[in-house]
Amino acid sequence: MSLIVQKFGGTSVRDAERVMNVAKIVTDTYAKGNDVVVVVSAQGDFTDVLVDKQEEINPNASRREKDMLLAAGEQISIALLAMAIEKLGYHAVSLLGWQAGFSTSSAHTSARIKNVDPSRIQAAIDKRNIVVVAGFQGISRFGDITTLGRGGSDTSAVAIAAAMNADLCQIYTDVEGVFTADPRKIPNAQKLKEISYDEMLELATMGAQVLNNRSVEMAKKYNIELEVLSSLTRVPGTIVKEKTRMEKMLISGVAKDNEVARISVVGVPNNPGFAFKLFSRLSKKNINVDIILQSIGHDGKKDISFTVAKDRGEEAVEALRGYVDDIGAKEILYDDNVAKVSIVGAGMESHAGVATKMFEALYDAQINIQMISTSEIKTSVLIEAKDADKAVAAIHEKFFG
Ligand code: ASP
Ligand code: MG
């Protein structure tokens, strides 16, 4: 007998029909002799609806109250799913995050899971129940309801799988797995049979929206095998694990991220310590920097450019104002009309010319590259936002066409 954790996202439970469909998948798994723990998100875009309700009343509401509100979405879906399972003739118990043993930090709206004590889940399993757990939520040491940040229920599922040493963690969504590009935009995108944690992590961070990146980090840390698959078609999905056998593929995917902004500090003295001082101002504010480019100095000055997440852009510029004055730099330039397009693949390590092929695709499409960054398994370029879709299509065609 195996223990299987199955997670269903908002689209998979969006209405009564979809909830019954999920109940069918879950009970089929159970009927095959497995123990099943199910993690669910709020129905459809209900979490967004709740955010709108909050903003209507108080845009500056405290984070504690936001969590109290947002956590309600998952309370509805667990109860409905448990009822659907009962209707099919099986025993089910729904549990909120705190009942399921999720202790988190007290950083409301972006809490971190500290510990999962699965004793209550286990007790319910021992009584032959299918256990339905609210994703995305937990409780702080002060006894307050917390949420894990948008998209956090993937992480809830992986955390349960880790805490209970599950045999498999299935993440059900509305796509059939991880594709070489967004299948809604690139018709000949291919479904990957498997992908490594590292590649998946890069893709998740680079804007492929199948899995939340924290969930992949956690799966890697605890070596939990994930399967990403669709709740609408019953076909095998993509397995995410440590090592894969897909050496033949140069890259596993192309992804784009529109939520980036480029900042340049122009006229920085070309002496030691200035980059350190610049970036320490950002790290003090917890602002992550991605691509960094420094020009060759001339006349004792240089320029430092970098990208940050668009929603932290203004804050980053603010944080640097004093710096620019202190060091007598010329100016700060800000541009959020940019997008980052990345290729990811373990094949890059052992094959020369993978990045060149990407640049060639961009040249063929007459798209200008503003910045480039590379790692062992990833090459990213920063381009104008309007070219992003065209770039993804051109690069995908070059590698997979
Ligand atoms: N319902 C939450 C959200 O929409 C959590 C999740 O879906 O993972 O962000
Ligand atoms: Mg959701």
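Atoms within each ligand, like the ligands themselves, are counted from 1 in listed order.
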Exercise for the section: Decide whether an N or O pair under 3.5 Å exists between K7 and ligand 1. Expected result: no
Problem - Heteroatom proximity flag, D154 to ligand 1, N/O under 3.5 Å - result: no
Fill in the blank from the handout: Rounded to the nearest 0.5 angstrom, the CD1-CG distance for I263 and L278 is 9.0 Å
At less than 4.0 angstrom from any non-hydrogen atom of [X], what atoms of ligand 1 do you find?
{"X": "G151", "result": "3 (C), 5 (C), 6 (C), 8 (O), 9 (O)"}
{"X": "T47", "result": "1 (N), 2 (C), 3 (C), 4 (O)"}
{"X": "R150", "result": "3 (C), 4 (O), 9 (O)"}

Handout entry: Proximity to ligand 1 by part of S41, non-hydrogen separation under 4.0 Å
Key = side chain
Give the minimum heavy-atom separation between [X] and [Y], together with the two atoms involved.
{"X": "T27", "Y": "K24", "result": "OG1-O, 3.2 Å"}
{"X": "L80", "Y": "V19", "result": "O-CG1, 3.9 Å"}
{"X": "S196", "Y": "E242", "result": "CB-O, 3.5 Å"}

Problem - Salt-bridge contact R150-D48 (side-chain N to carboxylate O under 4.0 Å) - result: yes
Exercise for the section: Could you tell me whether D326 and K277 have a side-chain N and a carboxylate O separated by less than 4.0 Å? Expected result: no
Practice task
Decide whether the shortest distance between a heavy atom of G73 and an atom of ligand 1 is less than 4.0 Å.
Solution key: no
Practice task
Examine ligand 1 and decide if any of its atoms is less than 4.0 Å from a heavy atom belonging to G10.
Solution key: no
